[in-house]
Amino acid sequence: MTTTDSGNRENTAGRGSTATDDNDLGAAGSQLSTAPREDAPHLPSLGVIGWSRWFWRQLTSMRVALLLLFMLSLAAIPGSLIPQSGQDAARVADFTERHDILGPIYEKLGLFHVYSSVWFSAIYILLFVSLIGCIVPRTWQFVGQLRGRPPGAPKRLTRLPAYATWRTEAAPEQVREAALQALKKRRFRAHIAGDAVAAEKGYLREAGNLAFHIALIVMLVAFAWGQLYRAEGNKLIVEGDGFANTLTQYDDFKSGNLFTAEGLNPFSFDLKNFRGTYETSGPNKGTPRIYEASVDYAVGADGAEKSTKVEVNQPLEIDDSKVYLVSHGYAPVITIKDGRGKVVFNDAVPLLPLDANVTSTGAIKVMDGYRDARGKWDQLGIQAFFLPTYGGANTAVVSQFPALLNPRLNLTPYHGDLRVNGGIPQSVYQLDKSKLKGFKDSEGEQLRVNLKIGDSVTLPNGAGTITFDGVKEWAGFQVTQQPGSGWALAGAIAAIAGLAGSLFIQRRRVWVRATTGPDGVTVVEMAGLGRSESAKVPEELGDLAAVVHAEAPTVAEPDSARLPAADADSETEGADKP
């Protein structure tokens, strides 16, 4: 038995081949892929229809699809480097204010809203159309290949990359039947075509290739759907307070272009308590060890209440909404009485952290119900700083640790017009002092007090008292609702699986021809062909040849054929001698 491949076989079989042989070999290797043929386009001389067909042909080619995918990747870069109005409008306004030239240019180019810009949408839609136009005909072509049979054997099998041949006394029909059974046992699609057996294997390669591209379409649709119907909002909740998933409950809220309030999932939850523990020593001192919020939640108006814990990267999932724990801080409990001793404010005031040790700041505003000692209506505004762990008089006025070890509340009170009725929105954490007057201490300086839990301060001129009653903790939650996330994940998994199949599975064909030679002995030829040069095809062909050879062993050569050349010459010379 003789076995050859493209690396060690002499290329003598191809000499003198005709154009018919070339066409025959091309037919044998055709349709190993579903890629469309790259024939030169016939450009029309005139006509809108002709040019439209040419444009469609170019748009649905794989080269253009890859180019559009590359362009989409490049187009997404500005969205990562430049602040986006849909994510942080304050940063966009700050950038525009600081860059007089770049700001207007970026605005005209749509770089502050890249993912909703016309040019990004155009690339996105063109890629979507290109993939569909490329995949649909390839899918139908692949379905046709699955329904058809492997093509018959070429006339000259010696021209294929992997080749084996031997002579046997077994009948051609017996050889073909043995080859057919051996190929089917190895899960080849095989059938007898004329004097040869044609077989093919590795269809999952093209199936994986198509699955990869279809998965890309699924991901594009899922991402588009998610962006158009997404909703995202933030809510700060103090221990003991609750939240219902309605627009009016959010501190800030943003959504996609097609989102409506009716699309919000109906649920609510209460923050029972927040628990945080921190490293007390070493280089990681102050680093959170436990960071969790205990909540009671209910789905729907009449849903049963359930308890759970929300941790960092472990959100509460309700339908396609996810509730993430994103921040934490402290809310000092303050009681304020006016000049007549009436309680005009008693609540926990959330303060915003300034550093990793939760040094916090904020404002306390008493807008209604406050009267001074003379009974005159007034408003109070108090600038507040909170230190969970106060280090003492000889340390910087910042917290030394994030836990409540030695809490202090620093207050700077004012009175006057808070400017909350002028129609101009203002932050609840900031104090507009433009029309406020400070309370003076005994030395005529601005009054500032540093309180421990339980301490009180009396405002000058009988203006009232402020008491630091205690501390509650608050947690910041981000509620996201993005439909299509499951489809996007499924598409990503399918894309990876399809890509793996297209890379690691090789589609190949094998032919086994058995014919009767001039001397009446059966000549067996085997050849294999794959989409690309690979050691797997010759190895697989060798294994198949060994199985078939066991059923149809090599015939013994005649004695004269096995004599050495020198002996044969000597015998001939001897015969000529007298």
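Not measured: the values here are computed from a predicted model.
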Indicate yes or no: at least one non-hydrogen side-chain atom of [X] is less than 4.5 angstrom from one of [Y].
X	Y	answer
Q400	V398	yes
L131	L220	yes
F243	V479	yes
Q446	Y414	yes
P413	L380	no
I364	I336	yes
V295	L271	yes
S321	F267	yes

[atom2] on [Y] to [atom1] on [X], rounded to 0.5 Å:
X	Y	atom1	atom2	value
K306	T308	NZ	OG1	10.0 Å
I453	L404	CD1	CG	7.0 Å
D296	D270	CG	CG	6.5 Å
L351	Y429	CG	OH	9.0 Å
L411	I466	CG	CD1	5.5 Å
F274	S294	CZ	OG	10.0 Å

Only pairs at least two apart or in different chains count here, so list each salt bridge (charged side-chain N to carboxylate O under 4.0 Å, His left out) that has a residue in residues 356-372.
D372-R374

Which pairs, with at least one residue in residues 233-242 and sequence neighbours excluded, count as a salt bridge (charged side-chain N to carboxylate O under 4.0 Å, His left out)?
K235-D251

side-chain hydrogen bond (donor to acceptor under 3.5 Å, both in side chains) partners of D94, counting only residues at least two apart
R98

Do D469 and T467 meet the criterion of a side-chain donor-acceptor pair at a distance under 3.5 Å?
no

Does a donor on one side chain and an acceptor on the other come within less than 3.5 Å for N406 and T389?
no

Applied to residues 105-116, the side-chain hydrogen bond (donor to acceptor under 3.5 Å, both in side chains) test, sequence neighbours excluded, yields none

Could you name each residue pair satisfying side-chain hydrogen bond (donor to acceptor under 3.5 Å, both in side chains) that touches residues 210-226, not counting sequence neighbours?
N209-H213

Can you see which heavy atom on [X] is nearest to which on [Y], and at what distance?
X	Y	result
P332	F468	CB-CE1, 3.8 Å
S502	G208	CB-C, 4.3 Å
L111	P78	CD2-CB, 4.1 Å
R91	P83	CB-CB, 3.9 Å
A222	G484	CB-O, 3.4 Å
I132	P137	O-CD, 4.4 Å

Taking [X] for its side chain and [Y] for its backbone only, find out whether a donor-acceptor pair lies under 3.5 Å.
X	Y	value
W474	S327	no
S130	L59	yes
N357	T359	no
R275	E292	no
T96	V92	yes
Q249	S268	no
S360	V358	yes
R408	L451	no
E473	A331	no
D338	R340	yes

Paired with F477, the ring pair (Phe, Tyr, Trp, His ring centres under 6.0 Å) test is passed by just one of F269, Y297, Y250, namely F269

With side-chain contact (heavy atoms from CB on, under 4.5 Å) as the criterion, how do V114 and I82 come out once you've worked through the C-alpha distance, each side chain's angles and the decisive distance to 0.1 Å?
CA-CA 9 Å; V114 169; I82 300 173; over 6 Å; no

Residue pairs passing the ring-ring contact (aromatic ring centres under 6.0 Å, His included) test where at least one lies in residues 330-389, sequence neighbours excluded:
H328-Y330, Y330-F386

Between L264 and E262, does a side-chain contact (heavy atoms from CB on, under 4.5 Å) hold up when you go through it step by step?
CA-CA 6 Å; L264 287 173; E262 291 76 12; over 6 Å; no

side-chain contact (heavy atoms from CB on, under 4.5 Å) between F223 and W487, worked out
CA-CA 9 Å; F223 287 143; W487 284 100; over 6 Å; no

Surrounding [atom1] of [X] (heavy atoms of other residues, nucleotides or ligands, distance under 6.0 Å), is the total greater than 12?
X	atom1	answer
K435	NZ	no
N461	CG	no
W140	CH2	no
L146	CG	yes

Under the criterion side-chain contact (heavy atoms from CB on, under 4.5 Å), I'd like the reasoning laid out for L436 against L418: C-alpha separation, chi angles, the key distance, then a yes or no.
CA-CA 7 Å; L436 293 178; L418 294 173; 3.9 Å; yes

Would you please classify the geometry between the H415 ring and the F439 ring as parallel, tilted or perpendicular, with 30° and 60° separating the classes?
tilted

Dump the intermediate steps for ring pair (Phe, Tyr, Trp, His ring centres under 6.0 Å) on F112 and F95, then the final yes or no.
CA-CA 10 Å; F112 291 131; F95 184 93; 5.7 Å; yes

